[in-house]
Amino acid sequence: MAKARTPAAFVCRECGAAHRKWAGRCDACGAWNAIEEETALSAAGPASRSLGGARGRVLELSALSGTEPDPPRLAVGVEELDRVLGGGLVPASAILVGGDPGIGKSTLLLQAAAAFARRGAKTIYVTGEEASAQVRMRAARLGLAEAPVLLAAETNLRDVLTTLEAERPAVAIVDSIQTMWADNVDSAPGSVSQVRAAAHELTSFAKRRGVSVIMVGHVTKDGQIAGPRVVEHMVDTVLYFEGERGHQFRILRAVKNRFGPASEIGVFEMTGKGLKQVLNPSALFLSDRETTAPGSAVFAGLEGTRPVLVEFQALVAPAQPGSARRAVVGWDSSRLAMLLAVLEARCGVSLAQHDVYLNVAGGLRVSEPAADLAVAAALLGAVRGAAAPADAVVFGEISLSGALRPAPQPDLRLREAEKLGFRAALTPSQVKLAAKSGMTVRRFDDLAQFVGQVFAEG
Ligand code: TYD
Ligand code: MG
């Protein structure tokens, strides 16, 4: 008889990968000392036999064609937050807000809780990290002390759920999922099994009772929430709150949303009085731009449905022989390596003997491929000691052959640039504009042509 497969008993804290036995290093993500033993959720454990021939209940099947009204949404009234949520909070949904410790998650959610409560929605804020007094002090500092938010400081998941069942709020905020502790799970708070159990219980409570549950999750230094993938796939919406510590800007990014577009962003500024929304991020990101500085280029980007202009800055300096450095902030470093190779192979611009530094001003992380041409413009400007035309925005993807590919929604990008006072755009030649634009659009077939015409030597 074949031996029955035993379920994986060890799980990586960083990536959620399952392992048969303990190891010092996770094969899946390479993290050291992150594998821990997993305890089954219920004492009974997983079913050891197949469901077999015993009859279950016959389910009622329905057609796809029925009409379903749009779910009613509870708008926060903070435009930047509502946009990221896809127009407001959907009842019976579970939302995970992830971010580095200290980035401002508790501040954001306390402000959101106050906004919900002031709109008449019953809101409960459960804090497992801070004492009630601390939360109250923060509320006073933010000028929210009068908001009718119900507060509890508790980490026992059973007590939290019992309270939520009894109170039946419209919105429940749990800060944070890593501090919640289920007494039927035999491992430490913050471990994979505990985080998974807490997320599972809270998500099913949300579905069962029609409550919107918002959970806070801390991100480890590798950029993943502890017990990570497990929680991400359980919830309906995953938002990440990001930003550089030194900058006051914070970006709330939807990476998954079952009720709205993903990759939507909301921009906030951390002030002495909490988070303030930034309704025109382009103006902010470009606010202290030195227009004539060599090695800078403005990228007309798109974040979700919204155009955002950002400045790329490049610096090129002679390197120690044999040890050229590449340092990137706000962009993908392997994409930079690719771009440097294309510049060398297709345009004869070699930076092999140079250190290359690339930065996105303002602390935004850009992931759009359409930023390629703007990065190339910044690099070329740095090499040639010239600025790209100061009144021009740049966008377009560069392929390995050096050809330029169009980017989606060029009209939206041009409109935003025009609004901010730019007069020209440097784009791939295949860009198709639906409407007439007041901007001068200069089109290029490939990178070599771009280099020759915009950054001619001499
Ligand atoms: P917090 O919301 O506690 O972060 P998280 O919950 O993500 O760990 O925010 C902590 C930081 O925010 C702290 O370093 C101080 C700063 N802060 C302000 O600058 N202004 C404020 O009004 C508040 C409440 C916090
Ligand atoms: Mg916090």
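Both ligands and their constituent atoms are indexed starting at 1 by order of listing. Side chains are part of it too, since the values below use all heavy atoms of this structure and drop only hydrogens, waters and symmetry mates. On a predicted model such as this, the values are computed, not experimentally measured, just so you know.
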Q: Please state whether G99 comes within less than 4.0 angstrom of ligand 1, counting heavy atoms only.
A: no
Q | Taking atom 13 (C) of ligand 1 as the reference point, the nearest protein heavy atom with its distance | A | G102 O, 4.5 Å
Q: Can you sort out which atoms of ligand 1 are near L142, meaning under 4.0 Å from one of its heavy atoms?
A: 22 (O), 24 (C)
Q: Can you pull out the closest protein heavy atom to atom 22 (O) of ligand 1? Residue, atom name and distance to 0.1 Å, please.
A: G274 N, 2.8 Å
Q.
Considering non-hydrogen atoms of the protein only, which is the closest contact for atom 4 (O) of ligand 1, and what is the distance?
A. G104 N, 3.1 Å
Q: To the nearest 0.5 Å, tell me how far R250 CZ sits from K105 NZ.
A: 10.5 Å
Q: Heavy atoms only: give me the nearest P189-W181 pair and the separation to one decimal.
A: CG-CD1, 3.9 Å
Q: Enter the distance from S176:OG to M215:CE here, rounded to the nearest 0.5 Å.
A: 11.5 Å
(Q) Using a 3.5 Å distance criterion without hydrogens, assess whether the side chain of R413 forms a donor-acceptor pair with backbone atoms of A300. (A) yes
**Q.** Candidate with minimal heavy-atom separation from atom 21 (C) of ligand 1, of R141, K276, R250
**A.** R141
Q) To which protein heavy atom is atom 6 (O) of ligand 1 closest, and what is the distance rounded to 0.1 Å? A) S106 OG, 2.6 Å
Q) Can you tell me if S106 has an N, O or S atom under 2.8 Å away from the Mg ion (ligand 2)? A) yes
Q: May I ask you to test the L89-I214 pair for a side-chain heavy-atom distance under 4.5 Å?
A: yes
Q) Measuring from the heavy atoms of L109, does anything fall under 4.0 Å of ligand 1? A) no
Q. For atom 2 (O) of ligand 1, what's the nearest protein heavy atom and its distance?
A. T107 OG1, 2.6 Å
Q. Please state which protein non-hydrogen atom is closest to atom 18 (C) of ligand 1 and give its distance, to 0.1 Å?
A. M270 SD, 3.4 Å
Q. Identify the closest protein heavy atom to atom 3 (O) of ligand 1: which residue and atom is it, and at what distance?
A. R138 NH2, 2.9 Å
Q: State, without any angle test, whether E129 and S106 hold a side-chain donor-acceptor pair at a distance under 3.5 Å.
A: no
Q) With a 4.0 Å heavy-atom cut-off (strictly under), which part of E129 contacts ligand 1: side chain, backbone, both or neither? A) neither
Q | Exercise: do T237 and N257 side chains pair donor with acceptor under 3.5 Å | A | yes
Q. Are any non-hydrogen protein atoms located under 4.0 Å from atom 11 (C) of ligand 1?
A. yes
**Q.** Spatial distance of atom CD (E80) from atom CD1 (I251) [nearest 0.5 Å]
**A.** 10.5 Å
Q | side-chain contact (heavy atoms from CB on, under 4.5 Å) partners for P261, two or more places apart | A | E264
Q: Find the distance between CZ (R326) and OH (Y357) and round it off to the nearest 0.5 Å.
A: 9.5 Å
(Q) With nothing but distance in play, are any N or O atoms of K105 less than 3.5 Å from an N or O of ligand 1? (A) yes
Q. Looking only at protein heavy atoms, which one is nearest to atom 20 (N) of ligand 1, and how far off is it?
A. T271 O, 2.8 Å
